[in-house]
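Here is the structure we will look at, set down as structure tokens.
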There are 2 protein chains.
Amino acid sequence: MLQTAIEMDKAAVILKLLGDKTRLSMLKILDDNDCCVCEFVEIFKASQPSISQHLRKLRDVGLVKEDRRGQWIFYSVNQNSEYYPFIGKILEQLPDQSYKLKELEKQGTRITCC
Amino acid sequence: MLQTAIEMDKAAVILKLLGDKTRLSMLKILDDNDCCVCEFVEIFKASQPSISQHLRKLRDVGLVKEDRRGQWIFYSVNQNSEYYPFIGKILEQLPDQSYKLKELEKQGTRITCC
DNA sequence: TAATTATATAACGATTTGCTTATATAATCA
DNA sequence: TGATTATATAAGCAAATCGTTATATAATTA
């Protein structure tokens, strides 16, 4: 094995977090783009608190970080996370989700909002 | 991407299954060895029904298969599963668990039982 | 054939999870 | 400054999860 293996316990915690459709898609999207909460609300047709709570879980283990820009808070993948190499190998096996952001742009929802 | 990406929904289901310390360790062990239920009971210091139920979940999605040999039922990773490439990339990042089987052998628990 | 061993399954309870509603905070705009 | 917009958080509830105990089934052994 090239890099140090992740501990079994920690791996299970991270995988459980990824074991939710919304959070998994979020991470896949964030791997390529910064994104704010209201965009996720639009993309997943979910409530704002629901999205916020998912993001909090990802942030609590350091997988994503937040960055306030004026009124908005943008989230991005934390590439310095000790888990980044681990989840990277998972995310790269998932289908590209960039069409979801393109849809927002088409709707004008991306620009209007953020 | 070289191989076809796994669907997002299916990936989340599989990751949730792997998001349990016992099941994750089981799969890592099974990736290298066949193993019977009583060995897992010994390895994880868990009850027999608990182990059986974990194995059932893995079997229900086709990640493992069973093979009765007399009194015992041996489990192994199902390499024909459509998810095998996906979980393979995860398992290869986990620390080797073969010492757990070696401990059983030292105790004589492996031979006695299976 | 009766007792034992290995495993599966069902029923139940405690805990966790993920959503909802309600409310608080922070930034912007009129 | 007051209203609006974006976000976070708390409380409560329903569903899912995971272990336990009890029991059933299948193979083996005495």
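Q48(A) contributes no side-chain N or O that forms a donor-acceptor pair with the base of dA6(D) under 3.5 Å.
Taken residue by residue, residues 52-63 of chain B places heavy atoms nearer than 4.0 Å to DNA chain C at S52(B), Q53(B), R56(B), R59(B). Scanning residues 7-15 of chain B for heavy-atom distances under 4.0 Å to DNA chain D yields an empty list.
Nucleic acid contact class of Y75(B) (heavy atoms, under 4.0 Å, all strands): sugar-phosphate only.
Residues passing the side-chain contact (heavy atoms from CB on, under 4.5 Å) test with R68(B), sequence neighbours excluded: I73(B). Qualifying salt bridge (Lys or Arg N to Asp or Glu O under 4.0 Å) partners for K100(B), counting only residues two or more places apart in sequence or in other chains: none. In this view, D32(B) satisfies the salt bridge (Lys or Arg N to Asp or Glu O under 4.0 Å) rule with no residue, not counting sequence neighbours.
Note on S50(A): every side-chain N or O is 4.0 Å or more away from OP1 and OP2 of dG18(C). Between S47(A) and dT20(C) there is a side-chain N or O to OP1 or OP2 distance below 4.0 Å.
For R23(B), the listed nucleotide lying nearest its side chain is dC18(D); candidates were dC19(C), dC18(D), dA8(C). In the set dT7(C), dT7(D), dA10(D), dA10(D) carries the atom at the smallest distance from any side-chain atom of P49(A).
Checked for salt-bridge contact, K89(B) and E92(A) miss the test: no charged N lies under 4.0 Å from a carboxylate O.
Formation of a donor-acceptor pair under 3.5 Å by the N33(A) side chain with backbone atoms of I29(A) is found in this model.
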key: Contact pattern, 5' to 3', of nucleotides 25-30 of chain D - B, S or - by protein heavy atom under 4.0 Å   = --SS--
inquiry  = Is there a side chain to side chain contact (heavy atoms under 4.5 Å, CB included) between F74(A) and E66(A)? Walk through the geometry before answering.
reply    = CA-CA 6 Å; F74(A) 279 76; E66(A) 57 173 49; over 6 Å; no
